[in-house]
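Side chains are part of it too, since the values below use all heavy atoms of this structure and drop only hydrogens, waters and symmetry mates. Remember, predicted model here, so these are calculated numbers, not experimental data.
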Amino acid sequence: MHGVLEESSRSLAATPQRWELYRLLSEPIRLRILALGAEEELSIGELADVLGESQPNVSRHVATLKQAGLVALRREGTRALVSLRDDGDLVVRDAIATGRAMCESDGSLKRLADVIRARDAIARDYFDKADASPRSKPDAAGAMGAYLAALAPLIEHRALAVDAGTGDGSMLEVLSPIFDRVIGVDRSETQLAMARARVKHHGLTNVTLARGELDAPEVARLALGKADAVFAVRVLHHAPKPAAVLGKLADLCREGGVVVVIDYARHDDERMREQADLWLGFGDAELKKLARTAGLHNAHISTIPARLTGNGPDAHLPWKMLVARRQKNG
């Protein structure tokens, strides 16, 4: 009897919290915020644009949802980013479904797609306008290729590597002496022009260049499900949807293949947005979550020493490396 009374007491104590939740979810704008947060992590400004509301009004409702533990709010430089917290509560799930129906009806979901496209356009325009003048011509590689070739036998599987977002092709110089075949992929013709010059300059005869998105038909024909290793060097912070990009990288791997991501750790240098950086780096937990979402396993994250990050405009930032594998079936 004592156990029953104790359980009843707990239920009565929980009742006000449930009624508070119902009251909280009676506001339509909050339902829409939950639904949009379930779709994508969005800044307060992006939410305001999508919802057609003022930023102060959106901030007020987000603060209420955060206090109730329904959304997560993280700071990235001067931006506040909102996402849905993982919650299996049936009432919350129903609220999200209702909010999504409202967003479909009022056009918010369509505007959300426009926001993602606008993110993508920032990086696309930046790299399409990159300088491909003769000053970008690569220097001689010296004996580095020979040193890398000497290391190649230590790698068990090295038939095919993919350099995703190859840019000016500098990573191709590293991969070419190690792997039998290398495919460099980029969607910018300006960037590929520089990569072609580099390939020709160094005589990288085992390198193939492909223009397009990572899931483009030509890329799929060359590499889908075939690569022993897929590299994405300083690519993820330009991606409008990093999780989607990591999923495409994983798709290029064969079973047991490895994805290697080199990118920035979390930082607060807003000046990097001038370099078309959509995200100011990634935390370790965030990278591991992205890897899990992409179906990658055994994720390992390490810090790249500052002495190895060169002397470019991002050399002062902290760099991280994620290594994870595509799981073998069976």
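- Inspection of the D128 and T190 side chains reveals no N or O donor paired with an N or O acceptor under 3.5 Å.
- Side chain of W279 to backbone of A239: a donor-acceptor contact under 3.5 angstrom is found.
- Taken from CG in D251 to CG in L246, the straight-line distance is 10.0 Å, to the nearest 0.5 Å.
- Within the 4.5 Å cutoff, no side-chain heavy atoms of L252 are placed close to those of I183.
- Comment: D120 does not engage R117 in a salt bridge, judged by the lack of any side-chain N to carboxylate O separation of less than 4.0 angstrom.
- When side chains are defined from C-beta on, V58 does not count as touching Q55, because their heavy atoms never get closer than 4.5 Å.
- Partner of Y126 under the side chain to side chain donor-acceptor pair (under 3.5 Å) criterion, out of H238, E274, Q275: Q275 alone.
- Ionic pairing of R111 and E53 is not present here: no N-O contact between side-chain nitrogen and carboxylate oxygen is shorter than 4.0 angstrom.
- We find that R273 and E76 are joined by a salt bridge, their nearest charged nitrogen and carboxylate oxygen being less than 4.0 Å apart.
- Panel note: side chain K288, backbone L322; no donor-acceptor pair is recorded below 3.5 Å.
- Checking S188 against D186 by side-chain atom types alone, no donor-acceptor pair falls below 3.5 Å.
- In this structure H61 satisfies the ring pair (Phe, Tyr, Trp, His ring centres under 6.0 Å) test with no other residue, sequence neighbours excluded.
- In this structure the side chain of F282 never reaches within 4.5 angstrom of the side chain of Y264, judged on heavy atoms.
- Atom CG in L209 sits 12.0 Å away from atom CD in Q191 (nearest 0.5 Å).
- Classification of E286 and R74 as a salt-bridged pair holds, one side-chain N sitting under 4.0 Å from a carboxylate O.
- Considering every non-hydrogen atom in both E218 and A210, the closest pair reads CG-CB, 4.4 Å.
- A salt bridge does not link D263 with K320: every distance from a Lys NZ or Arg NE/NH1/NH2 to an Asp or Glu carboxylate oxygen is 4.0 Å or more.
- Taking Y147 as the reference, nothing meets the ring pair (Phe, Tyr, Trp, His ring centres under 6.0 Å) condition, with sequence neighbours excluded.
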Please evaluate residues E189 and R196 with respect to the criterion salt bridge (Lys or Arg N to Asp or Glu O under 4.0 Å), reporting the C-alpha separation (whole Å), side-chain torsions for both, the decisive distance (0.1 Å), and the verdict. CA-CA 10 Å; E189 179 56 36; R196 290 190 194 98; 2.7 Å; yes

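- Note that CG of L24 and CG of L65 are 5.5 Å apart. Values are rounded to the nearest 0.5 Å.
- Counting only heavy atoms from C-beta outward, the side chains of L112 and L109 approach each other to under 4.5 Å.
- Looking at residues two or more places apart in sequence or on another chain, you find a salt bridge (Lys or Arg N to Asp or Glu O under 4.0 Å) between D215 and K248.
- Nearest heavy atom pair, residue T309 against residue A315, reads OG1-O, 3.3 Å.
- Between R266 atom CZ and L287 atom CG the span is 9.0 Å, to the nearest 0.5 Å.
- Within the model, atoms CG of L42 and CD1 of I116 stand 6.0 Å from one another, a figure rounded to the nearest 0.5 Å.
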